[in-house]
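In what follows, chains are A, B, ... by sequence order, proteins preceding strands, each numbered from 1. These numbers come from the heavy atoms of this one structure, side chains and all, not from hydrogens, waters or symmetry mates. Just so you know, these numbers come straight off a predicted model, no measurement behind them.
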Protein chains: 2
Amino acid sequence: MRFETSTIKDIAKALGLSTSTVSRALRDRYEISEETKKLVLAYAEKVNYRANPIARSLKERRSYSIGIIVSEIANNFFSQVINGIESIAYDKDYHVIISQSHESYKQEKLNVEHLASRSIDGLLIALSSETQDIDYLRSLYAKGLPIVFFDRVPEDFETHKVIANNFKGSFDATEHLILSGKRTIAHLTNSENLSITKERLEGYKAALLKYHIEFKPELVKYCQHGGMHSAELEQAVKELLPLQPDGIFISSDRLTTGCIMALKKTNPEVADKIAIAGFTNSNLVELFSPSLTSVKQPAFEMGQVATELLISMIEAKRPVTEFETKVLDTELVKKR
Amino acid sequence: MRFETSTIKDIAKALGLSTSTVSRALRDRYEISEETKKLVLAYAEKVNYRANPIARSLKERRSYSIGIIVSEIANNFFSQVINGIESIAYDKDYHVIISQSHESYKQEKLNVEHLASRSIDGLLIALSSETQDIDYLRSLYAKGLPIVFFDRVPEDFETHKVIANNFKGSFDATEHLILSGKRTIAHLTNSENLSITKERLEGYKAALLKYHIEFKPELVKYCQHGGMHSAELEQAVKELLPLQPDGIFISSDRLTTGCIMALKKTNPEVADKIAIAGFTNSNLVELFSPSLTSVKQPAFEMGQVATELLISMIEAKRPVTEFETKVLDTELVKKR
DNA sequence: AACGTTTTTGGGAACGTTTGCACACTTTTT
DNA sequence: AAAAAGTGTGCAAACGTTCCCAAAAACGTT
């Protein structure tokens with residue numbers, strides 16, 4: 001804001017003190033006498049003094065802001081994560097800057113670099129489904145930018161990570177389909193390079209194995225763009241249907257809704273004959289038709305944990321070398 | 001970021017120039033010779049110089065950032081607005097800071113004040129459904145903070161505003177219900193103090209009038225918390241059903257989905273007997289059961305227009321005194 | 001050759017903080 | 001009574017920019 005506001009200097013002048021004394025009084029430092037502190041605090045209150053965060057940032061060489069990259073905020077999973085992030089960040093006096101990659105590598109890189117040049121103190125990121133090359137993140141990290149990954153994490157990057165128990169979530173969902181009598185279960189999933197894709201595929205395979213159902217690679221369809229293009233989804237559905245699946249396990253929020261949409265659009269007659277189980281944090285799932293079984297991730301908590309880890313890195317006095325990967329349990333919400 | 005990065009000073013020293021010359025060369029000012037410019041630019045490129053936006057902000061007394069307040073990002077209408085805002089803002093080199101009020105006045109005020117103290121250059125805001133008192137905005141505005149309202153706008157506040165054609169949108173939706181044979185049409189709406197509530201009520205009334213249907217106040221139910229509490233919605237539905245409506249016109253995104261949810265939960269037997277038309281920008285509306293007719297707002301465009309107006313205020317050399325209220329048309333998507 | 005113009009560059013203050021250091025004054029210790 | 005220790009405050013530099021003002025260099029004109 002460009003409008004005038006009182007500064008430490010003003011207070012100092014008004015009270016006949018030096019700026020250093022005022023600054024120290026405001027930050028409640030031990031060197032300052034109680035008397036002076038009271039005086040300063042009272043006057044600051046009176047003139048409604050607000051510290052200028054920009055000046056502070058410049059001096060301290062940090063911005064008290066953290067960057068967030070998600071593919072889309074219009075996705076309940078991510079917006080819940082963001083809520084979790086904010087709940088912790090605001091508490092600790094950080095503010096957050098949100099950017100969307102829209103599942104595009106180019107956009108993701110651009111946004112990260114924009115954020116970095118905006119002097120964020122740390123970065124929370126879920127990779128886009130297109131992303132393969134994370135060297136640009138590595139180099140930022142090497143220069144000292146703390147990074148914590150969540151949800152979609154790279155394998156070969158030593159830092160804190162927070163993920164859902166994707167294996168178990170997928171296993172449970174697939175098992176649920178099997179137990180309700182399905183035998184030809186397709187798997188619709190994200191781009192192959194995402195961590196979640198691999199983990200969820202393993203869970204799916206494990207459930208099949210447990211019930212002695214043969215794993216057929218042709219029943220697995222990958223979507224490079226994570227369901228951002230409806231054409232991609234319709235194509236996948238079109239290829240899947242001839243194999244006559246009686247169930248589909250879908251591995252992400254966007255894909256789950258997109259797949260049902262594609263199914264209804266292209267083959268409405270079979271749409272409610274196929275049982276669907278999918279990852280989604282949509283709070284509208286009860287309204288969907290056909291209804292489905294959903295795997296809900298602890299999104300809010302994921303945001304909180306990731307933020308705590310990030311802030312601990314930011315505020316660490318010495319470089320952090322011990323990293324954790326936190327794994328949070330999912331919840332299976334059965335079709336009603 | 002705390003890590004070392006080259007500054008203007010470094011460049012100056014390396015090239016044997018003064019900081020002022022380097023600064024001017026980088027900003028391509030006319031005073032500097034082509035030769036020097038080339039030299040500086042090349043070197044800057046080589047050391048990957050990035051201007052420090054914090055220092056720039058401090059000097060120029062502006063932050064190149066704009067604040068956004070919406071009730072919830074997990075709402076397609078708002079997330080689309082945000083996408084519109086970003087599309088313009090990034091173009092003009094502003095970044096955005098998003099805050100959520102969660103329909104709470106207290107939270108809204110807190111967030112605005114937090115943003116203001118973070119030195120935003122301007123504010124884009126859609127009021128929370130609880131908000132009645134906007135004096136805190138007035139005082140910020142008086143101190144020089146440019147503000148543009150969108151969607152939920154106050155009546156008595158002289159600044160730019162961007163809204164949908166709520167009257168027409170409501171009229172169309174209500175007329176659609178009437179034309180499909182409904183005669184007892186309830187209206188479920190937001191808190192009475194919102195601008196959109198009033199405008200949409202008028203559209204509803206006008207449609208009834210046109211078809212000579214008596215307006216019955218008892219068919220109108222207000223939700224103070226905008227559907228944030230499911231109890232509130234269930235209560236409204238409970239009070240409405242005894243009046244045996246054959247159609248419901250619902251005036252906002254959150255309420256529309258919430259109402260269908262409440263209907264299905266408390267009275268599943270009537271849920272698909274009542275025709276529903278409601279404002280919503282959900283992109284999942286095709287999946288809903290019962291299906292509904294929806295009024296879609298031009299959310300993306302609304303964000304764009306609001307941002308353009310805001311930036312024009314921010315960059316105006318002299319105080320703006322002529323304000324516009326832009327009205328954008330809605331789109332009726334009929335139930336299939 | 002001396003002067004005025006124009007073009008290009010540099011010095012240094014300022015934006016609002018924080019903080020190392022020095023200083024003055026009290027109080028305690030020997 | 002002098003030295004040491006403790007307490008409270010102020011000075012000034014620094015963070016990385018921008019920009020006013022002056023100075024230097026280059027050029028043209030008589």
Side-chain angles (χ1 to χ4, degrees), chain A residues 1-41 43-44 47-65 93 116-121 144, chain B residues 1-41 43-44 47-65 93 116-121 144:
Chain A
M1 269 178 296
R2 292 151 307 174
F3 48 90
E4 85 309 320
T5 161
S6 46
T7 71
I8 279 195
K9 254 186 216 162
D10 300 333
I11 299 183
K13 203 175 299 170
L15 261 35
L17 293 170
S18 73
T19 58
S20 22
T21 303
V22 174
S23 169
R24 280 186 271 243
L26 289 170
R27 342 188 79 226
D28 199 25
R29 302 280 279 240
Y30 72 97
E31 307 110 310
I32 305 296
S33 70
E34 280 311 315
E35 219 176 345
T36 313
K37 274 183 192 168
K38 237 172 240 158
L39 189 71
V40 171
L41 255 17
Y43 188 79
V47 299
N48 190 29
Y49 168 79
R50 317 261 91 169
N52 180 326
I54 296 190
R56 183 153 182 247
S57 291
L58 181 60
K59 181 62 194 173
E60 299 192 352
R61 321 184 80 181
R62 49 184 301 207
S63 60
Y64 294 94
S65 67
D93 252 343
S117 83
R118 284 286 180 182
S119 308
I120 51 169
D121 292 343
Chain B
M1 269 178 293
R2 291 151 307 171
F3 48 90
E4 86 308 323
T5 160
S6 47
T7 73
I8 279 193
K9 251 186 219 165
D10 299 334
I11 299 183
K13 201 174 302 171
L15 261 37
L17 293 170
S18 72
T19 60
S20 16
T21 303
V22 174
S23 170
R24 278 185 276 244
L26 289 170
R27 341 186 82 229
D28 198 25
R29 303 278 281 242
Y30 71 98
E31 307 113 310
I32 304 298
S33 70
E34 280 310 316
E35 217 178 346
T36 313
K37 273 183 194 168
K38 237 171 243 161
L39 189 69
V40 170
L41 255 19
Y43 188 79
V47 299
N48 190 29
Y49 168 79
R50 318 261 87 170
N52 179 326
I54 296 190
R56 181 148 183 251
S57 291
L58 180 60
K59 180 63 194 173
E60 299 192 350
R61 318 182 82 181
R62 48 182 305 207
S63 60
Y64 294 93
S65 67
D93 251 343
S117 82
R118 285 285 179 183
S119 307
I120 52 169
D121 292 343

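- Protein atom CG of B:Asn52 is 13 Å distant from nucleotide atom C1' of C:dC15, rounded to whole Å.
- D:dC11 atom C1' lies 14 Å from atom CG of A:Leu17, rounded to whole Å.
- The OH atom of B:Tyr64 lies 8.0 Å from the CG atom of B:Asp121; values are rounded to the nearest 0.5 Å.
- Residues A:Val22 and A:Leu15 form no side-chain contact, since every pair of their non-hydrogen atoms from C-beta on lies 4.5 Å or further apart.
- The distance between atom OH of A:Tyr49 and atom C1' of C:dG16, rounded to the nearest whole Å, is 8 Å.
- Among the atoms of the strands shown, base atoms are found under 4.0 Å from some heavy atom of A:Ser20.
- Counting to the nearest Å, the P atom of C:dC15 and the CZ atom of B:Arg61 are 7 Å from each other.
- Phosphate proximity of D:dC15 to B:Lys9: present, with a side-chain N or O under 4.0 Å from OP1 or OP2.
- At whole-Å resolution of the value, CG in B:Leu15 and P in C:dT8 are 17 Å apart.
- Taken from CZ in A:Arg56 to CG in B:Leu58, the straight-line distance is 14.0 Å, to the nearest 0.5 Å.
- The partner of D:dA4, taking Watson-Crick or G-U wobble pairs whose two distances both stay under 3.5 Å, is C:dT27.
- Taking atom CZ of residue A:Arg62 and atom P of nucleotide C:dT19, one finds them 11 Å apart after rounding to whole Å.
- A salt bridge is absent between B:Arg29 and B:Glu34: the closest approach of a Lys/Arg side-chain nitrogen to an acidic carboxylate oxygen does not fall below 4.0 angstrom.
- Annotation: of the two residues near DNA chain C, A:Leu26 and B:Thr19, the 5′-most nearest-nucleotide partner is B:Thr19.
- Look at CZ on B:Arg27: it is 9 Å from C1' on D:dT17, rounded to the nearest Å.
- Residue contacts for A:Ile54: at a heavy-atom cut-off of 4.0 Å it reaches no nucleic acid atom on any strand shown.
- Contact annotation: A:Thr21 side-chain N/O to D:dT9 OP1/OP2 distance is not under 4.0 Å.
- Summarising the geometry, the separation between CD1 on A:Ile8 and P on C:dT19 is reported as 11 Å, rounded to the nearest angstrom.
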Are any protein N/O atoms closer than 3.5 Å to N/O atoms in nucleotides 5-8 of chain D? If there are, list each pair with its distance.
none

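- Backbone-only engagement by A:Thr7 is indicated by non-hydrogen atom pairs under 4.0 Å involving sugar-phosphate atoms exclusively.
- Residue A:Arg56 has no polar side-chain atom (N or O) positioned under 4.0 Å from OP1 or OP2 of D:dC15.
- With hydrogens and angles disregarded, no donor-acceptor distance shorter than 3.5 Å links the side chain of A:Ser63 to the backbone of A:Ser57.
- No option in B:Leu17, B:Thr19, B:Val40 other than B:Thr19 meets the side chain to side chain contact (heavy atoms under 4.5 Å, CB included) test with B:Ile8.
- For the pair A:Tyr49/A:Thr5, no side-chain contact is recorded, criterion being any heavy-atom separation below 4.5 Å from C-beta on.
- Mapped onto DNA chain D by nearest heavy atom, B:Lys59 and A:Lys37 fall at different nucleotides, with A:Lys37 at the one closer to the 5' end.
- Of the side-chain N and O atoms in A:Arg29, one or more sit less than 4.0 angstrom from OP1 or OP2 of C:dT19.
- A:Arg24 comes within 4.0 angstrom of a base, heavy atoms only.
- When only modelled atom types and interatomic distance are considered, A:Ser23 and A:Ser20 share no side-chain donor-acceptor pair under 3.5 Å.
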